[in-house]
Q: 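For reference, the structure I am asking about is given below.
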Amino acid sequence: MILFKDLKVKIDDKMIINNFNLEVSPGELHVIMGPNGSGKSTLAYTIAGHPKYSIESGEIIYKKELINDMSPEERSGNGIFLSLQYPISIPGVKNIYFLKSAINSLRKFQGKDEIDTIDFLKLVRGLLPLVGLDESFLHRSVNDGFSGGEKKRNEILQMLVLKPDLSILDETDSGLDIDALKIIAEGIKNYRNEKRSFILITHHHRILDSLKPDRVHILIDGEIVLSGGAELANKLEKEGYGWLRKKDLND
Amino acid sequence: MNNDTINNQLDKRYEFGFTTNIEQDTLPPGLNEDVIKIISNKKNEPEWLLNWRLNAFKKWKKMTEPKWAKINYPEIDYQKISYFSAPKKKNLESLDEVDPEILKTYNKLGIPIEEQKMLAGVAVDAVFDSVSVTTTFKKDLAKAGVIFCSFSEAVLEYPDLVKKYLGSVVPQADNFFAALNSAVFSDGSFVYIPKNTKCPMELSTYFRINALNTGQFERTLIIADSGSEVSYLEGCTAPMRDENQLHAAVVELVALDDANIKYSTVQNWYPGDENGKGGIYNFVTKRGDCRGNKSKISWTQVETGSAVTWKYPSVILKGNKSIGEFYSVAVSNNYQQADTGTKMIHIGENTKSTIITKGISAGHGQQTYRGEVKIMKKAKNARNYSQCDSMLIGDKCGAHTFPYIDVKNESSIMEHEATTSSIGEDQLFYCAQRGISEEDAISLIVNGFCRDVFKELPMEFAMEAQQLMEVSLEGSVG
Ligand SMILES: Nc1ncnc2c1ncn2[C@@H]1O[C@H](COP(=O)(O)OP(=O)(O)O)[C@@H](O)[C@H]1O
Ligand SMILES: [Mg+2]
């Protein structure tokens, strides 16, 4: 699905991602963990094509195509979805309009007609219970005045509506209470299939218990320092990242 | 001296000076008493109106152009303007002669070809029978007893009404531009809604073909008699061809007991090019007088055009329990400058006013909100709610807010909210990540921002206004 080759990413002349190498195959769910400031969100934004993050060298190959210079819209159209760590609010724009614009933009990209309004409402109403939001959220401004948890649910709702092939979920489980966490984990789990891939950025093993990741990678200073199975996540949450830094130095 | 004698005398007097120009129906540049006499004479105006104009001119000569607004424009030489050029309408042969930029806009707004011709000043085919629309329209109005005609016609047909109300809301010497208008006004609309009558349709200048060519000093007077109701639409979303750079209009509204006037404007005159060259200077005085108890006047404006806008539609809340409203969306893109807002003067008891403004600046645009809420001594239990929001698109534009509040009665309740937001890179990225293009994202965000105002517009206008915003803000980012 996506392949990173020796990726280096800069923000304002500061190198954040260094020699990043990774391959995620269709159907796989990879987890990226790492201390604050290690570059996880930077990686997520870079995949989505945020203009502020410039690729210094290396390649991102998505569905066998080099996408280094592809616009964010085009990446989205091609099935890349990013659930933001801090979802942006858009005062005045109703959630339902936003969703409809998004789905119609996608359909336009795919050469399809605009979605019928009744069908669209049916689709969205059917998905709301999966993220534990009620209909009133459709008529509120996008993320405006939403609680942290509501914003994250809203991100997952968008994912379910847009049906991406590659979902990057940046700390979507942070700041959720146990019930909300369960709902979101279920939502992601149900959405998984053998064709869809996930890169999940998290600090907690809890969400992984039900999601059964294929690989867990540890990112420090913009580089993967260790990869392993789900057990790595447990160890990290118990022991922190200190032992990794020491190991790093010893090598 | 009766009218004819005056006219004869005038004709004699200017026989020579203006011969060639009179043939073309255009006066040479310059403003003096003689010019005003000619204007009045051309329109066959009664003597009282000529004197009214001359009186205004005397006052104007003693006034100076206001400089307090946050707008910059080159000095206007009032002696270099021609004050009579009707009925000019230099017809073009075909749409091929019209500026392609304007045609592009027409097409984006989905305006039919025949209407495009009319707006652009192209000779209209016989097929396009606008007259028949107008005729049915006029019949329905006549049945209801509604008067809706050009100002010049009203002066001749309904002199008593005009005489009674003209200048009663905006006095001649109200301000420099109002005084100038009073002296030289060209034409405009006149509306009278009789007692206890609900006007059977929206009155639109659009239906009055000749209203599209009212000249640069437009004068409008709307009177809603007791218990009546009217909704008036001024302007249209298409940019109109106009060779006059200076516009100084006056609009007066009078609402008697229990009357209700809703006045909506879409102003889309030529704003100048991307580099700030050309464009209309729009200095308008609009005021409504809630003269009767429980009367209501509501202004809604969408201002996207003109290079310079100076405009403060206001309401004087004289009647007890009267209501004043002002809803505004103003856009300044490229090098446009807008200094606009409102005044709500609470005089009667239990009067209520609402102000909701949305200012959008893009490019190098400068936008100022200037609002005044005045609660007079006798205005017991007056209430005002003001919400003034500004939005910035890009980092070269500016938004400024000057709310003035003057409360002389302690029992009043005032609420004021103001916000400034910008369309940030992050919002655009978020939209892009969801597949929404920058252009669509901006229109989504701007329309969301303006929703509280757009919902006050009559239905068919609201859709057009949204489209208009898209056109006005095109290319404002990136
Ligand atoms: N927009 C930005 N401008 C400047 N520096 C940034 C920006 N985004 C991230 N950084 C810097 O890049 C580094 C990595 O940040 P980030 O990718 O957010 O880390 P993480 O998500 O792993 O906590 C940090 O040092 C952070 O300060
Ligand atoms: Mg982060």
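Computed over heavy atoms, backbone and side chain alike; hydrogens, waters and symmetry mates excluded.
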Q: In this structure, are over 12 heavy atoms from other groups packed under 6.0 Å from B:Y404 atom OH?
A: yes
Q: Any heavy-atom pair between the side chains of B:E438 and A:P72 that's under 4.5 Å?
A: no
Q: For A:E114, does the CD atom have more than 12 heavy-atom neighbours from other residues, nucleotides or ligands under 6.0 Å away?
A: no
Q: Quick check: are there more than 12 heavy atoms from other residues, nucleotides or ligands sitting under 6.0 Å from CZ of A:R196?
A: yes
Q: Check B:I436 against A:E73 and note the closest heavy-atom contact, atom names and distance.
A: O-CG, 3.9 Å
Q: Indicate the atoms forming the closest heavy-atom contact of B:Q433 with A:L82, along with that distance.
A: OE1-N, 3.0 Å
Q: Would you indicate whether A:K94, at its atom NZ, is surrounded by more than 12 heavy atoms from other residues, nucleotides or ligands within a distance under 6.0 Å?
A: yes
Q: Is B:K352 atom NZ crowded by more than 12 heavy atoms from other residues, nucleotides or ligands, each under 6.0 Å away?
A: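 12 or below, so no.
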Q: Looking at every non-hydrogen atom in both residues, tell me the closest pair between A:P51 and B:E425 and how far apart they are.
A: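 Looking at all heavy atoms of both residues, the closest pair is CG-OE2, 3.9 Å.
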Q: For the residue pair B:T419 and A:P91, establish whether any side-chain heavy-atom pair is separated by less than 4.5 Å.
A: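 With C-beta onward as the side chain, the pair stays apart.
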Q: Do other residues, nucleotides or ligands put more than 12 heavy atoms under 6.0 Å from the NZ atom of A:K63?
A: yes
Q: Which pair of heavy atoms, one from A:S101 and one from B:L444, lies closest together, and at what distance?
A: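 Heavy atoms of A:S101 and B:L444 come nearest at OG-CD1, 3.4 Å.
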Q: Let's test your reading of the structure: which of A:E155, A:K52, A:E74 forms the most heavy-atom pairs below 4.5 Å with chain B?
A: A:E155
Q: Give the minimum heavy-atom separation between A:S76 and B:A432, together with the two atoms involved.
A: CB-O, 3.7 Å
Q: To the nearest 0.5 Å, how far apart are CD1 in B:I445 and CZ in A:F98?
A: 8.5 Å
Q: Please confirm whether the ring centroid of B:F429 lies under 6.0 Å from the ring centroid of A:Y53.
A: no
Q: Which heavy atom of A:H50 sits nearest a heavy atom of B:D426, and at what distance?
A: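 Residues A:H50 and B:D426, closest heavy atoms: NE2-OD1, 3.7 Å.
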Q: Is it true that the side chains of B:Y430 and A:N143 contain a donor and an acceptor less than 3.5 Å apart?
A: yes
Q: Below 4.5 Å, heavy-atom pairs only: which of A:A48, A:S71, A:G49, A:S141 has the largest tally toward chain B?
A: A:A48
Q: Considering residues, nucleotides and ligands other than A:D113, do more than 12 of their heavy atoms fall under 6.0 Å from its CG?
A: no
